[in-house]
There are 2 protein chains.
Amino acid sequence: MTRRSGNQALIDRLERADIRPSAQRVAIAGYVLSTADHPSADDVWQRVKVDFPMVSRATVYNTLQLFTEHGLLRQLVLAEGKVVFDPMVEPHHHFVDDETGAIEDIPWSALRVGKVDELEGVDVREYMVVVRGRRRRP
Amino acid sequence: MTRRSGNQALIDRLERADIRPSAQRVAIAGYVLSTADHPSADDVWQRVKVDFPMVSRATVYNTLQLFTEHGLLRQLVLAEGKVVFDPMVEPHHHFVDDETGAIEDIPWSALRVGKVDELEGVDVREYMVVVRGRRRRP
DNA sequence: GCCGATATTTAGACATAGTCTAACTGCGCC
DNA sequence: GGCGCAGTTAGACTATGTCTAAATATCGGC
């Protein structure tokens with residue numbers, strides 16, 4: 001049914017990425033490949049454990065690493081003391097809320113960055129703007 | 001002599017920042033307020049311990065926090081799993097070397113960021129471009 | 001269906017980074 | 001010199017990330 005066909009899409013996605021779709025990996029993918037929360041590894045673990053109590057912390061760490069290596073996730077350094085994961089692998093910027101710690105995506109075209117190509121002595125792999133401040137509340 | 005007058009400048013700087021210039025704080029300031037290394041707290045501790053073996057880890061953490069709160073340092077999230085410290089408190093960008101982990105300052109004017117003020121629903125406190133890649137070797 | 005090989009997961013030890021606090025030390029004031 | 005307060009120390013504790021032996025799961029051949 002819908003749940004199974006939902007998993008089938010994930011299974012297909014993992015197989016296309018050359019990843020064997022074990023039940024644990026599908027469960028992890030089900031959350032982390034569709035969230036805009038930019039969770040840490042332990043956030044992902046806490047979340048997946050709800051529906052998959054036996055999943056181990058090492059499996060979650062290993063799986064997130066695997067997804068990153070296979071291009072399904074990006075690993076970002078935006079929060080103090082931890083890395084966070086982002087399923088949006090295309091270039092974009094980020095806003096980090098000083099108050100809540102929440103991380104939000106900013107579309108690539110919303111900001112313009114000039115002269116990166118003029119930086120000397122470096123081969124640029126990626127760049128992004130990190131904006132910090134506070135979300136306005138109504 | 002030169003060493004003492006060097007310390008006197010630091011002592012003056014700390015006093016101007018409303019910070020009592022204990023020997024430990026002067027030693028920490030001597031390194032962290034003049035380095036371009038963007039060290040972590042433990043990096044600072046290892047470094048200061050060379051000349052000040054008794055300095056404790058808690059003192060270093062507390063002092064870095066104090067310097068940050070008093071505007072002498074900036075605390076940045078650029079390295080995985082740790083915060084780093086930067087004495088250059090004026091706005092600038094950063095380059096992070098994928099290979100070595102080294103962090104380098106990029107002058108504010110070297111890159112241009114457009115349309116930050118057009119971001120909706122947020123009060124921006126600061127922003128910067130983070131460039132990742134590799135330093136070219138000759 | 002069984003077996004062997006390989007992949008994956010588990011459980012938990014271990015390392016590093018960051019925080020917290022009781023006890024101790026240093027400093028300035030009276 | 002004593003007192004009150006600031007600062008430091010030593011180390012316990014928590015959070016994050018890594019590693020690995022042992023166990024489990026999967027797959028292909030027979």
Side-chain angles (χ1 to χ4, degrees), chain A residues 7 10-11 14-15 17-32 37-49 51-70 72-85 101 103, chain B residues 10-11 14-15 17-32 37-49 51-70 72-86 101 103:
Chain A
N7 277 6
L10 284 169
I11 291 169
L14 295 185
E15 290 185 326
D18 244 355
I19 294 175
R20 195 177 295 186
S22 66
Q24 289 86 345
R25 289 175 179 171
V26 172
I28 292 164
Y31 169 57
V32 81
D37 292 342
H38 300 80
S40 68
D42 278 335
D43 291 337
V44 176
W45 183 41
Q46 294 310 321
R47 183 57 170 268
V48 173
K49 271 170 65 183
D51 293 319
F52 208 119
M54 288 301 296
V55 73
S56 83
R57 193 163 171 265
T59 294
V60 173
Y61 272 85
N62 289 339
T63 301
L64 293 172
Q65 210 60 51
L66 186 71
F67 288 177
T68 301
E69 286 163 8
H70 285 238
L72 295 177
L73 271 182
R74 261 172 99 186
Q75 178 173 300
L76 300 169
V77 180
L78 289 171
E80 290 174 29
K82 58 180 86 168
V83 302
V84 298
F85 293 89
I103 298 169
Chain B
L10 284 169
I11 291 169
L14 296 185
E15 290 185 326
D18 246 353
I19 293 175
R20 195 175 297 183
S22 66
Q24 287 86 344
R25 289 175 179 170
V26 172
I28 291 164
Y31 168 57
V32 81
D37 292 342
H38 302 79
S40 68
D42 276 334
D43 290 337
V44 175
W45 183 42
Q46 294 310 321
R47 183 58 170 269
V48 173
K49 270 169 66 182
D51 292 318
F52 208 119
M54 288 301 296
V55 74
S56 82
R57 192 163 172 264
T59 294
V60 173
Y61 272 85
N62 289 339
T63 301
L64 293 173
Q65 211 59 50
L66 186 71
F67 288 176
T68 301
E69 286 162 8
H70 285 239
L72 295 176
L73 275 181
R74 261 173 99 188
Q75 180 172 300
L76 298 168
V77 180
L78 289 171
E80 292 176 27
K82 59 180 83 170
V83 300
V84 298
F85 294 89
D86 191 346
I103 298 168

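Residue numbers begin at 1 in each chain, while the letters A, B, ... track the order of the sequences. In this text, all values refer to a predicted model and were calculated from it rather than measured experimentally.
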Practice problem: Check the distance between C/dA15's P and B/Q46's CD and give it to me in whole angstrom. | Solution: 15 Å

Practice problem: Taking salt bridge (charged side-chain N to carboxylate O under 4.0 Å, His left out) as the test, write out the residues that go with A/R47, two or more places apart. | Solution: none

Quiz prompt | Five-pair end axes of the helix from C/dG1-D/dC30 to C/dC30-D/dG1 and the angle they enclose, rounded to 10° | solution = 10°

Self-check item: A/R25: salt bridge (charged side-chain N to carboxylate O under 4.0 Å, His left out) partners, not counting sequence neighbours
Solution: none

Quiz prompt | B/A27 to B/F52 - nearest heavy-atom pair and separation | solution = CB-CD1, 3.6 Å

Exercise. Would you mind telling me which of C/dT9, D/dT8, D/dT9 lies closest to the side-chain atoms of B/T63?
Key: D/dT8

Quiz item: What are the two closest heavy atoms between A/V84 and A/A79, and how far apart are they?
Solution: CG1-CB, 4.1 Å

Quiz prompt | Whole angstrom value for the distance that separates P of D/dT8 from CD1 of B/I19 | solution = 11 Å

Self-check item: Closest contact, heavy atoms only, A/W45 versus A/V55
Solution: NE1-O, 3.1 Å

Exercise. Round to a whole Å and report the spacing from CG of A/D43 to P of D/dA15.
Key: 12 Å

Practice problem: Round to the nearest Å and state the distance from A/L64 atom CG to C/dT8 atom C1'. | Solution: 15 Å

Quiz item: Separation of B/W45 atom CH2 from D/dT8 atom P, in whole Å?
Solution: 15 Å

Quiz item: side chain to side chain contact (heavy atoms under 4.5 Å, CB included) with B/I19: which of B/T63, B/V26, B/L14?
Solution: B/L14

Quiz item: Near DNA chain C, which residues from residues 20-28 of chain A have a heavy atom under 4.0 Å away?
Solution: A/R20, A/S22, A/Q24, A/R25

Quiz item: Does some side-chain heavy atom of A/Q65 sit less than 4.5 Å from a side-chain heavy atom of A/Q75?
Solution: yes

Quiz item: Within this structure, what is the CE-to-P distance between A/M54 and C/dG12, rounded to whole angstrom?
Solution: 10 Å

Quiz prompt | Under-4.0 Å side-chain N/O to phosphate OP1/OP2 contact, B/T59 with D/dT9 | solution = yes

Quiz item: Which atom pair, heavy atoms only, marks the closest approach of B/S40 to B/F85?
Solution: C-CD1, 4.3 Å

Quiz prompt | Closest approach of B/A41 to B/V60 (non-hydrogen atoms, all atoms of both residues) | solution = O-CG1, 3.7 Å

Quiz item: Taking side chain as C-beta onward, heavy atoms only, is A/D43 less than 4.5 Å from A/D37?
Solution: no

Practice problem: If a protein heavy atom is under 4.0 Å from the base, mark B; if only from the sugar-phosphate, S; if neither, -; do that for nucleotides 17-22 of chain D going 5' to 3'. | Solution: BBB---

Practice problem: Check A/P39 against A/V44 and note the closest heavy-atom contact, atom names and distance. | Solution: CG-CG2, 3.7 Å

Quiz prompt | Integer-rounded Å distance: D/dA6 C1' and B/H70 NE2 | solution = 13 Å

Quiz item: Does the side chain of B/Y31 come within less than 4.5 Å of B/D51's, by heavy atoms?
Solution: no

Quiz item: Does anything in residues 72-79 of chain B reach DNA chain D, meaning a heavy atom under 4.0 Å, and if so which residues?
Solution: none

Quiz item: About how many Å separate NE2 of A/H38 and CZ of A/R74, when rounded to the nearest 0.5 Å?
Solution: 9.0 Å

Quiz item: Without hydrogens or angle criteria, can the side chains of B/T59 and B/N62 be said to hold a donor-acceptor pair below 3.5 Å?
Solution: no

